[in-house]
Amino acid sequence: MTSQICIIIAILVYLFGMIYIGISFSKRNTQTDEFYLGGRKLGPFVTAMSAEASDMSSYLLMGLPGLAYISGIADVGWTAIGLALGTYFNWLFVSKRIRLYSSKLGAITIPDFFARRYGDDKHLLTCIAAVIIVIFFVPYTASGFAACGKLFSTLFGMNYMLAMLLSAAVIVLYCTMGGFLAVSTTDLIQGITMTIALVIVVGFGAAVTGGLDTVIANAQELPGYLSMVQTYVADTSSAKPYTAFTIASTLAWGLGYFGMPHILLRFMAIEDENKLKLSRRIASVWVVISMAIAVFIGIIGYSMSKAGIIPMLEGNNSETVIVQIASVMSSHGIIPALVAGVILAGILAATMSTADSQLLAAASSISQNLVQDFGKKKLDTKSSLLIARITVIAISLIAVVIAQNPDSSIFKIVSFAWAGFGAAFGPVVLLALFWKRSNKQGALAGMITGGAMVFIWKYGIATLGGVFAIYELLPAFAVALVVNVIVSLLTAAPAAQIVKTYEEVNKIN
């Protein structure tokens, strides 16, 4: 009982801190650009940690360790490498250019940037982009709510739905009140909390299992568990080859970064584009270290299960491995229990840091892009902010309905939404920034093709098996890129003013 009280105290302190930040920043949101983009006032450290904390959703502390626990390091290892490369190249090639371009155009959302970049006065690009954001952000947000539900139901035996609803309520509260600045500031705190949680779990897990030598020895007993060219199959206790084709498919996770609205918004919001180099270094180092530790936690978790310290986890329950470790830690006294509370707050941080960013991006897509830009409904600042906040609540309710199944896989939900954004927006963003000949028709065709191909490949072509059973992001991204280029070349060149603006941004960059 004492351990649970300590855990609850630590988590409550964390949650009330997030709400306090939301209330503090609520007074600063006097304009819509401040609510959606923080008035482009983010410093380099906040920009870096906010971008990566909002990126490293619940799959960092639940999805990645869970997959490593049950199948070894090949799947998560190649995924982590792809994500690390994607992170670095996104900061290196995209961040400064989209900051300059969006500022010159006066764009405060990704759909708004597409419309202004291509001179889309009818806002058809805006409409399609906003719809895609809502389609893929709703399940993405649902995965975060599901992670919160699993956390509390596993730890306290609490009803899954009730736990999920309470967590969602806190996220919605500080997001609707504080807007982008509150979300970015909480992301910074959440990133630090996640880091502390990862380090503590590794240290404790290694200690109680007899040291790193024991952990490695236990893992080596499983065929293919520690191999990067084989993966462990728990059902048959055998190794399955991890081919070069599969590796390429898994590395494709990195392509998703070029189309992630909540990450691109951080690039657009930094106060000085010349500070992005510092942000890139901070972000890249943090991502590599945090993912490496998360994978190792899964390996440590297996050793703890083998030693009988935590239960042997099967299927999607493997995603609760950190929760199980924290629960064991809490039984070692008051101080360890408080530390366990910090670890569990880290899981909440991983979840909230992504869910809040997604909710804000989705809200801006509906209230700003669909209602005002595409719908031609001019609203005053007060009405616009009200609609944005109502939208956050509405999307949250839909996400709760989607996440009501406690057996859903966080990793699978995230991977599908990641593929959707990567394929629909990634090629459009890259061509918009780096190809002068790219036009509105090509961008529209590529965006629709990319989003549609994710569904077609995932639920159609991939079911054929064999070489077709690859991550849907890779083929969808490639097809969308080709379609964008072909359609752009077959249709009229961009207007002279659009080309002029493109060249002016290139000179600055």
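Both backbone and side-chain heavy atoms feed into the values below; hydrogens, waters and symmetry mates do not.
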| field | Shortest non-hydrogen contact from Gly446 toward Ala480 | value | O-CB, 3.4 Å

| query | With a 4.5 Å heavy-atom cut-off, do Gln441 and Leu490 have their side chains touching? | reply | no

| field | Pairing residues for Tyr471 by the ring pair (Phe, Tyr, Trp, His ring centres under 6.0 Å) criterion, not counting sequence neighbours | value | Trp253

| Picking from Phe258, Tyr257, Phe267, what satisfies ring pair (Phe, Tyr, Trp, His ring centres under 6.0 Å) with Trp91? | Phe267

| query | Can any side-chain N or O of Thr501 pair as donor or acceptor with the backbone N or O of Gln497 at less than 3.5 Å? | reply | yes

| remark: What one should report as the nearest heavy-atom pair of Val288 and Ala84 is CG2-CB, 4.0 Å

| Atom CZ in Phe136, atom CH2 in Trp418: separation rounded to 0.5 Å? | 14.0 Å

| Hey, are the side chains of Asp120 and Phe114 touching, using non-hydrogen atoms and a 4.5 Å cut-off? | no

| request: For Thr250, check side chain to side chain donor-acceptor pair (under 3.5 Å) against everything at least two apart and list the hits. | output: Tyr242

| Working for side-chain contact (heavy atoms from CB on, under 4.5 Å), residues Leu474 and Leu251 | CA-CA 9 Å; Leu474 181 58; Leu251 285 173; over 6 Å; no

Under 3.5 Å, sequence neighbours excluded: what are the donor-acceptor pairs made by side chains of residues 449-458?
unit_1	atom_1	unit_2	atom_2	d
Thr449	OG1	Ala445	O	2.7
Trp457	NE1	Phe468	O	3.0

| task | State, with a plain yes or no, whether a side-chain heavy atom of Ser438 is found less than 4.5 Å away from one of Tyr502. | result | no

| query | Lys436: what forms a salt bridge (charged side-chain N to carboxylate O under 4.0 Å, His left out) with it, not counting sequence neighbours? | reply | Glu503

| Gap between atom CD of Glu273 and atom OG of Ser95 - 0.5 Å precision | 10.0 Å

| task | Would you check if there is a donor-acceptor pair between the side chains of Asn90 and Arg280 at a distance under 3.5 Å? | result | no

| task | Using modelled atom types only, decide if a donor and an acceptor are shared between the side chain of Tyr118 and the backbone of Ile498 within a distance under 3.5 Å. | result | no

| said: Listing request: all ring pair (Phe, Tyr, Trp, His ring centres under 6.0 Å) pairs with a residue in residues 477-501, at least two apart in sequence or in separate chains. | reply: none

| request: Could you list the residues that satisfy salt bridge (charged side-chain N to carboxylate O under 4.0 Å, His left out) with Arg116, not counting sequence neighbours? | output: Asp112

| Distance from Glu319 atom CD to Leu64 atom CG, nearest 0.5 Å? | 9.5 Å

| field | Validation row: Ile133, Phe425 side chains within 4.5 angstrom (heavy atoms) | value | yes

| task | Determine the minimum heavy-atom distance between Ala115 and His123, stating which atoms define it. | result | CB-ND1, 3.9 Å

| said: Using side-chain heavy atoms (C-beta onward) and a distance below 4.5 Å, is Phe113 in contact with Val428? | reply: no

| query | Can you find a heavy atom in the side chain of Leu481 that is under 4.5 Å from one in the side chain of Leu431? | reply | yes

| request: Output yes when a side-chain donor or acceptor of Ser488 lies under 3.5 Å from a complementary backbone atom of Asn484, and no otherwise. | output: yes

| note | In short, Leu473 meets Ala423 closest at the heavy-atom pair CD1-N, 3.6 Å

| query | Which heavy-atom pair separates Met268 from Ala107 by the least distance, and what is that distance? | reply | CE-O, 3.5 Å

| query | Between Ser284 and Arg281, is there a donor-acceptor pair closer than 3.5 Å when you use the side chain of the first and the backbone of the second? | reply | no

| How long is the gap from CG on Leu276 to CD1 on Ile98, to the nearest 0.5 Å? | 11.0 Å

| said: Show, in sequence, the C-alpha distance, side-chain angles and deciding distance for Thr491 and Lys440, and conclude whether the side-chain contact (heavy atoms from CB on, under 4.5 Å) test is met. | reply: CA-CA 9 Å; Thr491 51; Lys440 176 175 62 178; over 6 Å; no

| Is there side-chain contact between Lys96 and Asn274, with at least one heavy-atom pair below 4.5 Å? | yes

| remark: Between Pro261 and Gly259, the two heavy atoms sitting closest are CD-O, 3.0 Å

| field | Rounded distance (nearest 0.5 Å) linking atom CD1 of Ile73 with atom OG1 of Thr79 | value | 12.0 Å

| Out of curiosity, Ile200 CD1 to Ile293 CD1, how far, rounded to the nearest 0.5 Å? | 11.0 Å

